[in-house]
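In this text, all values refer to a predicted model and were calculated from it rather than measured experimentally. All chains are named by letter (A, B, ...) in the order of the sequence lines, taking the proteins before the strands, and each is independently numbered beginning at 1.
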Number of protein chains: 2
Amino acid sequence: MLEPQSADVFRAVADPTRRAILDALRRGEQPVNGIASAFPVSRPAISKHLRLLREAKLVVERRRGRQRVYALDPRPLDEVNAWLNDYRVMWRQALARLKTHVESQHRRTQR
Amino acid sequence: MLEPQSADVFRAVADPTRRAILDALRRGEQPVNGIASAFPVSRPAISKHLRLLREAKLVVERRRGRQRVYALDPRPLDEVNAWLNDYRVMWRQALARLKTHVESQHRRTQR
DNA sequence: ATGTTATGTAACCATATGGTTACCTGACTT
DNA sequence: AAGTCAGGTAACCATATGGTTACATAACAT
């Protein structure tokens, strides 16, 4: 194995709880307790997720008094987007093939 | 923890080796040995990755004589794409903000 | 100064993950 | 029929992951 690497956006986004945290932050920045209260897991669990997200640079932390306010930074998601790009072509082709197929079926039915 | 769920596209795509397998299959379908030869890990390891990809429906298996030929099916990636969509707006805004900022800097420099 | 709030971190636990070697089976070869 | 080839699976191992509770600390409240 041997991969205790951090900052992996794909890995960060693989966990459903972490995606949900990002989704929550889309509505605006929030302190940790604000975030945690929306989830069924303990606050420390959320803290750990936030650390990972921080390492992946998907969130930034700002201190306000005794709270830490977290805000979303969607930019690293562009790596995922870029990777997907190479597949978009294919799946457009797949759709085209499907369309052609349906049309030929249609023609067959027509005649 | 408790989540031995399968068919998770995000999880399937989180592993770099699995992404590489998909990337390889973009060039066309291939039998297991064909795929495995391109990687530093053992064939059984690849088999396990393929099983996961199969469960996520990202690949389909076809038998040809004694080989199993794997082909890419990019359609499940649309789930990732859809999720990203919600962020595209934001990162367009982020870019816009950046642009505005740069322009205002420019103006400042100009005068 | 003392208490309380907000949050990170350490220690611990169970399960998941990714890898390996050994083995099994189905399908061509001879 | 006997041998070989392709590839799945089982058993095992080390490390990662996600969660919990207990503790530590900085900042505000009294």
Among the candidates D:dT17, C:dT21, C:dT9, find the nucleotide nearest to the side-chain atoms of A:S47.
C:dT9
What nucleotide, of D:dG8, C:dG18, C:dG8, holds the atom closest to the side chain of B:V32?
D:dG8
Between P on C:dG18 and CG on B:D15, what's the gap in Å once rounded to a whole number?
5 Å
Counting any heavy atom closer than 4.0 Å, what does A:R63 reach on the DNA or RNA strands: base, sugar-phosphate only, or nothing?
nothing
Look at the side chain of A:V41 and decide which nucleotide, out of C:dG18, D:dT20, D:dA6, has an atom nearest to it.
D:dT20
Nucleotide nearest B:S42 when distance is taken to its side chain, options D:dG7, C:dT20, D:dG18:
C:dT20
When the axes are fitted on five pairs at both termini, how much does the helix from C:dA1-D:dT30 to C:dT30-D:dA1 curve, in 10° steps?
10°
Taking donor-acceptor contacts at under 3.5 Å, does the side chain of A:R68 reach the base of C:dG8?
no
In whole angstroms, how far is the C1' atom of D:dT9 from the CD atom of B:E55?
13 Å
Identify the pairs formed between an N or O of the protein and an N or O of nucleotides 2-5 of chain D at a distance under 3.5 Å, and give each distance.
residue, atom, partner, partner atom, Å
D:dC5, O4', B:R66, NH1, 2.8

Distance check needed: D:dT9 C1' versus B:H49 NE2, whole Å only.
16 Å
Assign A:R18 to base, sugar-phosphate, or nothing according to its heavy-atom contacts below 4.0 angstrom with the strands shown.
sugar-phosphate
Nearest whole Å is fine: how far is D:dA6 P from B:E61 CD?
16 Å
Of the candidates D:dG7, C:dT9, C:dT17, the side chain of A:R51 sits closest to C:dT9
Side-chain donor-acceptor contact under 3.5 Å, B:Y70 with B:R54:
yes
